[in-house]
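Residue numbering restarts at 1 for every chain, and letters A, B, ... go by the order of the sequence lines. Values below: all heavy atoms of this structure, side chains included; hydrogens, waters and symmetry mates excluded. This is a predicted model, so every value here is computed, not measured.
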Amino acid sequence: MTLLPPVPGFDADTARPPIGATRPMGDPSAEPFGERSSLLDGLNPQQREAVTYRGPALLILAGAGSGKTRVLTHRIAGLLAAREAWPSQILAITFTNKAAAEMRERIAGIVGQASDGMWVSTFHSACVRILRREAEAFGFTSSFTIYDSADSKALVRRIVKQSEADVLGFTVGGVQSRISKLKNELIDPDGFARQSNASDPRDAMFLEMYRRYVRELQRANAFDFDDLIGQTVWLFRAFPDIAAKYQRRFRHVLVDEYQDTNHAQYALIRELTRGVEPQHVPADTRMEVDATGGIPGASLTVVGDSDQSIYAFRGADIRNITEFERDFPSARVIMLEQNYRSTGNILDAANAVIRNNFDRHDKKLWSADGPGTKITGFTGYSGHDEAQFVADEIHALHDSGVSFRDMAVFYRTNAQTRALEEILIRSAVPYRLIGGTKFYERAEIKDLLAYLMTTANPADELSTRRILNSPKRGLGPATETALWDYAQKHDVTFREAMRRASELGFGPKATRSITELAKLLDEASAALQPQPGGGPGATVGETVQRLVQGSAYLEALMKTGNPQDEARAENVEEFVNVAKEYDKTHPDGSLVEFLTEVALVAAADEIDDESGAVSLMTLHTAKGLEYDAVFITGVEEDLLPHRISAGEPGGPAEERRLFYVGITRARKRLYLTLAMSRAQFGETAVAMPSRFLQEIPGELIEWRQSPGDVTSRGGSRPRALNATGAWQGGDGGGRRPVGSEGYGTAGGYSRVTMRPSEASGGAASATPTSGAARGAPKRSWGNAITGAVRDNSGLVLERGDRIRHTDFGEGTVRAILGSEAKRIAEVDFDSAGRKKLLIKLAPIEKV
DNA sequence: TGCCGATTCATTTTT
DNA sequence: TGAATCGGCA
C-alpha cells in the first residue's frame with residue numbers, strides 16, 4: 001500500500017507571501033534561473049519557457065514522452081528556489097498518489113527541505129483534506145466515511161429494491177452511473193428536477209431514488225467518490241469565507257493530465273483560482289492586493305494532451321483543455337512535441353494511428369533518436385496461444401538483458417487477464433497484476449473495513465448493516481429490517497437501534513447477538529479517544545485486533561474447513577499485519593486517515609518499482625507510465641476498439657486514443673498481438689484484426705505471424721484485409737489449408753512461414769528469441785495451447801529427462817533452475833522449441 | 001435462518 | 001466462465 005505523508009499542520013492565515021512575491025512577474029531572466037541554471041540544463045527551448053513563464057495562466061500541451069513531469073517539477077522547484085512562493089502556497093494535482101509521491105520526491109531532490117508543506121496530491125486526496133477540515137460547517141463530521149463504488153452500489157441496490165424501480169426497467173448499475181454522471185456535472189436532485197419531465201414516471205422515479213441516495217449518504221455521514229469533488233465545490237460556493245481561506249493560501253495551482261478532468265474538477269479549479277474579494281482579505285494581510293483591495297487569483301498551470309484523453313466515460317471533458325484559452329483569455333500556450341522516450345518507429349506508428357482522429361490540432365511527436373527496432377506483430381490462434389507468445393518473448397527479452405520490471409503487458413479488458421495469467425504462471429514468468437480485483441475489494445477485507453468504518457463513524461449505516469451478520473450471528477434480513485424500521489420510526493441511527501435491541505422484542509439469542517456486537521463496536525469507538533487516564537487512543541493495529549478478536553471473524557473462517565475460507569483467513573491475517581505496519585510507519589496516524597488512504601489507492605499506486613516482475617494492466621491504468629518493452633494484447637475488433645464504444649458518440653475516437661496511449665508507453669520494443677479466436681464467457685468467438693492495425697504503415701511492423709498466416713477454416717482471409725492488402729506477406733503462409741502438415745496433432749508452435757526477405761534479414765537477427773524455434777519443422781495447428789495446469793509438486797526432474805507436455809509434445813530437459821516450489825525446467829521441445837516451465841504447475845509428465 | 005442446487009446474468013475502461 | 005441471485009427445503 002502506498003501511504004501518504006502525514007498531513008502537515010495547516011493554517012491559511014499564517015501562510016505569508018515570501019519576500020520575492022512582489023517581483024514583477026513574467027520576467028524569465030530574473031535571477032533564479034541565472035544563478036540556478038541547473039534547473040534549465042538539458043531542457044529544450046519550449047521546456048525552458050514552460051518552466052520560466054510567469055503569468056496568470058499557462059497551458060502546456062505536452063505530447064506523450066515530452067518530459068512534462070520534468071517541466072512541472074522544475075517549474076515548482078523554480079518557484080521555491082527563487083522564493084517566489086512558499087511551499088504551502090503550492091497546490092499540485094496529479095492523477096495518482098504514486099505520481100504525487102514521485103513529484104514530491106523529485107522536487108525535494110532539487111530544493112531539499114524547502115519543499116515541505118506543499119500539497120501534491122490527487123484531486124480526491126486534496127478534497128478529502130479540505131472536507132475533513134471543513135465538514136462541520138455543513139452537517140458532516142470530520143470522521144466521515146468514503147464510500148467506494150462497491151459501497152455506493154450496495155446503497156443504490158437497496159434503494160432500487162425498496163422503490164421497486166426494477167419494474168420500470170431500472171438496473172442498479174444504470175442508476176448508479178446516472179447519479180455519478182449528474183454529480184460530475186454538479187447537478188443535484190433539485191437541478192435534475194428542473195431539467196427533467198415530472199410527468200414521466202421514469203424520471204419521477206429516478207428523481208426519488210436520487211434524492212434518497214443523497215439523503216442516505218448525508219445520514220450516514222459519508223461521501224462517495226464523486227461527492228469528494230462535488231461537495232468541495234458546493235462548500236466553496238456556499239461559504240465564500242471558507243473558499244477565501246484556500247484562495248489566499250494557494251497562489252500557484254498546477255494540474256497534470258488536465259485533459260481528463262471532468263466538469264466538477266474544472267469547477268473546483270476555477271473556485272480555487274478565483275481572486276479574493278476585498279471583504280475576505282484580512283486587514284493585516286501582507287499579501288499583494290489589487291486596486292479594489294482584493295487579492296488576485298492564483299496562477300494556474302495545466303498540462304495535458306488531448307490525444308491522451310481516455311476518461312470521457314467517467315465525465316472527463318476534452319473541452320476543458322480545448323477551450324482553456326477561452327476560459328483564461330490571457331493564457332499562454334506552449335507545445336512540447338519532442339519526444340524523449342520512444343524510438344522513431346514507435347513514434348511513427350503512434351502518429352499514424354492518432355492522425356485518424358480528425359477533430360484535433362495537428363501535432364506530431366518527433367524524436368532525435370534513430371528508428372530503433374521494428375514493431376513486432378503476432379497473431380495467435382487463441383488467447384492462450386497469444387499469451388504463450390508473450391510469455392516466450394518475455395523470456396527471450398529477459399535472456400537478452402531486459403529486466404522483468406521493465407516490461408509490461410497491456411490489455412483492454414480485465415477479462416483478458418485469465419488466459420495471460422494461466423500461461424504466465426506455468427511458463428514461470430514473474431508478473432504482477434496492477435488493478436483488477438484488488439486486495440481491498442475482497443469480501444473479507446471489505447468486511448473488516450466495514451468494522452473499522454462503523455467504529456470510526458458510528459453513523460455509517462451501510463457499513464454497520466454489512467457486518468451485522470458476518471461472521472454469522474443468526475441475524476438475517478428479518479432482524480435487519482426490524483432494526484432499520486425501528487431506527488426510522490424513532491429517528492435514531494441504526495447503531496442506536498442495535499443498542500436498544502432488548503426493547504425490540506427479538507428472541508433471546510438474537511437480542512444477545514445484537515447487544516454484544518453493539519457493545520464491541522461502542523467499546524472500539526471509545527478506545528479511539530484519548531483515554532481518561534491520560535493514555536493515548538487505540539492505534540489502528542490495536543483497533544483491528546480488538547475487532548477481529550471480539551467478532552471472532554478469523555475463528556469463523558478457520559473452522560469451516562473450506563479451502564477458500566483458508567485463503568480468506570490468510571487475507572484477514574495479512575490485513576491485520578498491514579494495520580500494524582501502518583502504526584509503525586505513521587506513529588501519529590489515525591484510523592480515519594488510514595481508511596482514507598485505503599479508499600483512495602489507485603491501481604497505479606500499487607506498482608512497486610523494485611519488484612522484479614512484469615506488470616500486467618489495462619490500457620487505462622497504463623497512462624502516465626513507461627516501459628522498455630510493451631506488449632499490447634488483444635488488438636482485435638470488438639475488443640480494441642471495444643464493441644460497446646461503437647454506439648457512443650466519440651467512442652471510436654476515444655478507443656483510438658487509448659491505443660495511442662498504449663503505443664506511446666514503449667521506449668524500445670513494442671509488440672502488438674492478437675488472436676483469431678477468443679474465449680468470451682464460455683463460448684469461443686471468432687476475432688478479427690483491429691482496424692487500428694491497418695492505420696500503422698506496414699513497413700513499421702514485422703509480423704512473426706501475421707493475421708494472414710493463421711486464417712483457418714478454408715483459408716479465406718478477412719475481407720477487410722483482402723481489400724487493402726494491408727498484410728505484408730501477400731499470400732505468405734496464410735492460405736495454407738488447415739489440416740495439412742501435422743496440424744492438430746501434438747502440436748507445438750513454431751514461427752510460421754515468413755517471406756524469404758523477412759526470413760533472411762529481419763526477424764531472426766533483429767529480435768532476441770530463444771532461438772530454438774528456428775529450424776523447427778513448419779507446422780500449423782489449431783487452438784493447441786490450452787492453458788492446462790497440473791499439480792506436479794512431487795515431480796522430480798533432472799537434466800536429460802524426457803518429458804511430455806500437453807501442448808508442446810515431447811522434449812528433453814536441458815536445465816533445472818530455481819528451487820523448491822519455484823523450480824523451473826528449461827526444456828528443448830522436439831517441435832515447439834525451447835521453453836521455460838514451472839515444474840509445479842506445467843502440464844507435463846515424465847516419459 | 002441457512003444451505004444447497006439451479007438458474008440466470010453480464011462482462012469497458014476507474015478515482 | 002464464474003459471480004450473483006433465487007427458490008425450495010431442512
Measure the distance from [atom1] on [X] to [atom2] on [N] and round it to the nearest whole Å.
| X | N | atom1 | atom2 | value |
| --- | --- | --- | --- | --- |
| A:Ile644 | B:dT13 | CD1 | P | 9 Å |
| A:Gln176 | B:dT13 | CD | P | 14 Å |
| A:Arg442 | C:dA3 | CZ | P | 12 Å |
| A:Ile310 | B:dT15 | CD1 | P | 11 Å |
| A:Glu421 | C:dG2 | CD | C1' | 15 Å |
| A:Lys181 | B:dT12 | NZ | C1' | 12 Å |
| A:Leu619 | B:dT14 | CG | P | 10 Å |
| A:Asp227 | B:dT15 | CG | C1' | 13 Å |

[X] has a side chain; which of [options] sits nearest to it?
| X | options | answer |
| --- | --- | --- |
| A:His124 | B:dT15, B:dG2, B:dT12 | B:dT15 |
| A:Asn469 | B:dG2, B:dT15, B:dT14 | B:dG2 |
| A:Arg418 | C:dG2, C:dT5, B:dT12 | C:dG2 |
| A:Phe313 | B:dT12, B:dT14, B:dT1 | B:dT14 |
| A:Thr479 | B:dC3, B:dT12, B:dT1 | B:dT1 |
| A:Arg314 | B:dT12, B:dT1, B:dT15 | B:dT15 |

Is the shortest side-chain N/O distance from [X] to OP1 or OP2 of [N] below 4.0 Å?
| X | N | result |
| --- | --- | --- |
| A:Arg157 | C:dA4 | no |
| A:Thr618 | B:dT14 | yes |
| A:Asn414 | B:dT12 | no |
| A:Ser149 | B:dT15 | no |
| A:Asn184 | B:dT15 | no |

Counting distance alone, no hydrogens or angles: does the base of B:dT12 have a donor or acceptor under 3.5 Å from a partner atom on the side chain of A:His642? no
query: Heavy atoms under 4.0 Å, any strand shown: does A:Ala599 hit a base, just sugar-phosphate, or nothing?
result: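 A:Ala599: no heavy atom of the nucleic acid under 4.0 Å.
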Exercise. Which part of the nucleic acid, if any, lies within contact of A:Tyr311, taking any heavy atom under 4.0 Å across all strands shown: a base, the sugar-phosphate backbone alone, or nothing?
Worked result: sugar-phosphate
For A:Arg158, look at atom CZ and say whether over 12 heavy atoms of other residues, nucleotides or ligands are found less than 6.0 Å away. yes
Is it the case that the side chain of A:Tyr411 and the backbone of A:Met617 share a donor-acceptor pair, with hydrogens and angles ignored and the cut-off at 3.5 Å?
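Yes, A:Tyr411 side chain to A:Met617 backbone: donor-acceptor pair under 3.5 Å.
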Q. Do A:Lys181 and A:Arg314 pass the side chain to side chain contact (heavy atoms under 4.5 Å, CB included) test, and can you show the C-alpha distance, the side-chain angles, and the key distance before you say yes or no?
A. CA-CA 7 Å; A:Lys181 285 210 171 85; A:Arg314 74 172 195 214; over 6 Å; no
Check for me whether the distance between the ring centres of A:Tyr486 and A:Phe494 falls short of 6.0 Å.
no
query = Using atom P of each nucleotide, how far apart are C:dA4 and B:dT13 to the nearest Å?
reply =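 It works out to 15 Å between them.
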- Once the angle between the rings of A:Phe692 and A:Phe659 is folded into 0 to 90°, is it parallel (under 30°), tilted (30 to 60°) or perpendicular (over 60°)? parallel
Ionic contact status for A:Asp447 with A:Arg442, cut-off 4.0 Å: no
Fill in: 5' precedence on DNA chain B between A:Gly474 and A:Glu655 (nearest-nucleotide basis)
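Nearer the 5' end of the strand: A:Gly474.
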